[in-house]
Amino acid sequence: MSTSKAVEVPQLLAASYARSFGEEGTAWIAGLPDLAAEFLDRWELERDGAAAAGEASLVLPVLRKDGTRAVLKLQMPREETRAAVIGLRTWDGEGMVRLLDDSPESGTMLLERLDGARTLASIEDDDVAMGILAGLQARLVRVPAPQGLRSLGDIATEMLEQVPRAVTALPDPADRQRLRGWASAVAELVGEPGDRMLHWDLHYDNVLAAEREPWLAIDPEPLSGDPGFDLWPALDSRWEDVVAKGDPLRRVRRRFDLLTEVLGLDRARATGWTLGRLLQNELWDIEGGATTLAPSSVTLAEALLHRQP
């Protein structure tokens with residue numbers, strides 16, 4: 001089949017790889033057009049629309065030999081890419097975009113085509129949108145994690161080891177107290193990290209409209225752990241709107257209650273692991289040079305820790 005015109009690499013993707021991976025990333029981007037052409041030929045695919053890209057991958061709409069619509073996703077092979085393939089194979093389309101083919105050595109995937117122009121963020125009613133996301137998440141975490149994924153227990157242990165040094169980067173005593181408090185919550189839970197397969201990044205923009213089902217999740221970064229650790233991306237979805245509409249504490253609590261009810265989670269435990277997710281985010285930010293905690297993290301923590309009985 002014809003591969004159509006040569007693939008052009010979007011500048012956003014090239015800049016992201018140069019920033020994140022240096023010379024290795026720049027070299028991978030240089031070889032990306034040839035890699036795309038190789039898999040268009042190998043899997044007998046026809047280009048079927050304009051390329052799209054984020055910070056991590058190039059996505060080409062394609063047609064398979066039988067006329068089925070699909071997307072070719074190309075990204076540099078890393079631990080996250082390998083974990084995504086494990087997750088996609090295990091979920092096998094249950095609430096998740098379906099993996100049609102993959103190349104482990106190159107990190108290339110062939111996925112069913114969803115409606116990339118319509119995400120869950122297009123639904124204005126937040127209760128409706130969060131209910132759809134919660135329903136998908138409940139299906140995803142129902143699956144036991146297979147071998148080969150990172151464990152939340154290991155991740156939490158590493159986080160706790162980083163806290164003493166991270167605290168010294170925060171000049172505000174209130175921020176230091178918050179970070180230590182979140183770490184204490186994790187320390188109480190680290191011995192029971194859970195064994196479900198988590199998406200790790202399920203927010204409104206990672207849920208797309210589909211034909212096989214009304215909505216399906218995309219772009220998982222799977223790990224093995226407690227579903228409570230997977231709530232933060234949903235709670236943080238469309239955050240500017242949460243703040244703009246006023247009373248963000250109430251809105252966060254409403255989202256949290258809906259998620260925990262649909263997923264059947266113990267709310268105290270889910271609160272602890274959500275604080276753990278906030279801790280992880282802030283440790284990453286501090287490592288990147290931040291000296292204050294993100295306002296959204298502080299608001300989320302306050303909403304969950306200081307609620308009326």
Side-chain angles (χ1 to χ4, degrees), residues 1 3-17 20-21 24-25 27-120 136 140 148-149 199-203 205-213 215-222:
M1 299 180 72
T3 60
S4 186
K5 63 182 181 180
V7 173
E8 295 184 3
V9 179
Q11 183 57 38
L12 171 67
L13 184 64
S16 173
Y17 268 79
S20 300
F21 305 109
E24 181 186 11
W28 187 83
I29 288 292
L32 183 53
D34 288 342
L35 183 67
E38 174 188 343
F39 280 94
L40 287 168
D41 286 339
R42 183 189 299 189
W43 289 338
E44 299 182 275
L45 305 171
E46 181 81 32
R47 291 281 300 275
D48 186 42
E55 295 190 354
S57 62
L58 178 70
V59 178
L60 302 177
V62 296
L63 295 174
R64 304 180 81 185
K65 190 175 182 178
D66 64 2
T68 303
R69 300 192 312 155
V71 293
L72 182 66
K73 183 176 182 178
L74 302 113
Q75 55 198 333
M76 191 165 72
R78 296 179 292 138
E79 180 182 8
E80 293 87 344
T81 312
R82 291 187 288 272
V85 169
I86 292 172
L88 289 167
R89 285 176 177 166
T90 305
W91 279 309
D92 192 24
E94 177 60 33
M96 175 66 65
V97 64
R98 179 163 282 138
L99 180 68
L100 304 174
D101 209 338
D102 73 284
S103 166
E105 71 278 3
S106 71
T108 304
M109 304 179 202
L110 186 66
L111 301 162
E112 74 174 306
R113 179 117 48 108
L114 308 184
D115 185 354
R118 188 176 174 218
T119 74
L120 203 52
L136 287 172
L140 298 179
L149 297 180
H199 183 290
W200 209 358
D201 196 26
L202 190 61
H203 51 75
D205 289 331
N206 272 345
V207 178
L208 299 184
E211 295 180 3
R212 179 165 57 86
E213 295 190 28
W215 301 94
L216 290 169
I218 63 167
D219 288 348
E221 301 177 18

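Starting from 1, each residue takes its place in the sequence as its number. As a basis for the values below, the full set of heavy atoms in this structure was taken, side chains included, without hydrogen atoms, waters or symmetry mates.
- One N or O on the side chain of S20 and one on the backbone of S16 form a donor-acceptor pair closer than 3.5 Å.
- Annotation: side chain of L32 is not in contact with side chain of V7 (no heavy-atom distance under 4.5 Å).
- Although no hydrogens or angles enter the test, the distance criterion places a donor-acceptor pair under 3.5 Å between the side chain of T81 and the main chain of M76.
- Looking at E112, its side chain does come within 3.5 Å of a backbone N or O of R98 through a donor-acceptor pair.
- Here the straight-line distance linking atom CG of L60 with atom CG of L40 works out to 6.0 Å at 0.5 Å rounding.
- Looking at heavy atoms from C-beta onward, V207 lies out of side-chain contact with T119 at the 4.5 angstrom threshold.
- Taking NZ of K65 as the start and CG of L45 as the end, the distance is 11.5 Å to the nearest 0.5 Å.
- T108 places none of its side-chain heavy atoms less than 4.5 Å from the side chain of K73.
- Taking the side chain as every heavy atom from C-beta outward, F21 and R78 approach each other to under 4.5 Å.
- Looking only at side-chain heavy atoms (C-beta outward), M109 and S103 stay at 4.5 Å or farther from each other.
- Looking only at side-chain heavy atoms (C-beta outward), L149 and E79 stay at 4.5 Å or farther from each other.
- Counting only heavy atoms from C-beta outward, the side chains of P104 and R82 never approach each other to under 4.5 Å.
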Validation: residues 88-96 side-chain donor-acceptor distances under 3.5 Å, sequence neighbours left out:
unit_1	atom_1	unit_2	atom_2	d
R89	NH2	D102	OD1	3.0
R89	NH2	D102	OD2	3.1
T90	OG1	I86	O	2.8
W91	NE1	L140	O	3.0
E94	OE2	R139	NE	2.8
E94	OE2	R139	NH2	2.9

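- Here L120 contributes atom CG and H203 contributes atom NE2; the two are 11.0 Å apart, rounded to the nearest 0.5 Å.
- Between V62 and V71 there is no side-chain heavy-atom pair separated by less than 4.5 Å.
- Comment: R64 does not engage D48 in a salt bridge, judged by the lack of any side-chain N to carboxylate O separation of less than 4.0 angstrom.
- Looking at H199, its side chain never comes within 3.5 Å of a backbone N or O of N206 through a donor-acceptor pair.
- With rounding to the nearest 0.5 Å, the separation of CD in E55 from CG in L12 is 6.0 Å.
- Distance CG/L208 to CG/L216: 8.5 Å, rounded to 0.5 Å.
- Without hydrogens or angle criteria, Y17 side chain to A56 main chain gives a donor-acceptor distance under 3.5 Å.
- Atom CG of residue L35 and atom CH2 of residue W28 lie 6.5 Å apart, to the nearest 0.5 angstrom.
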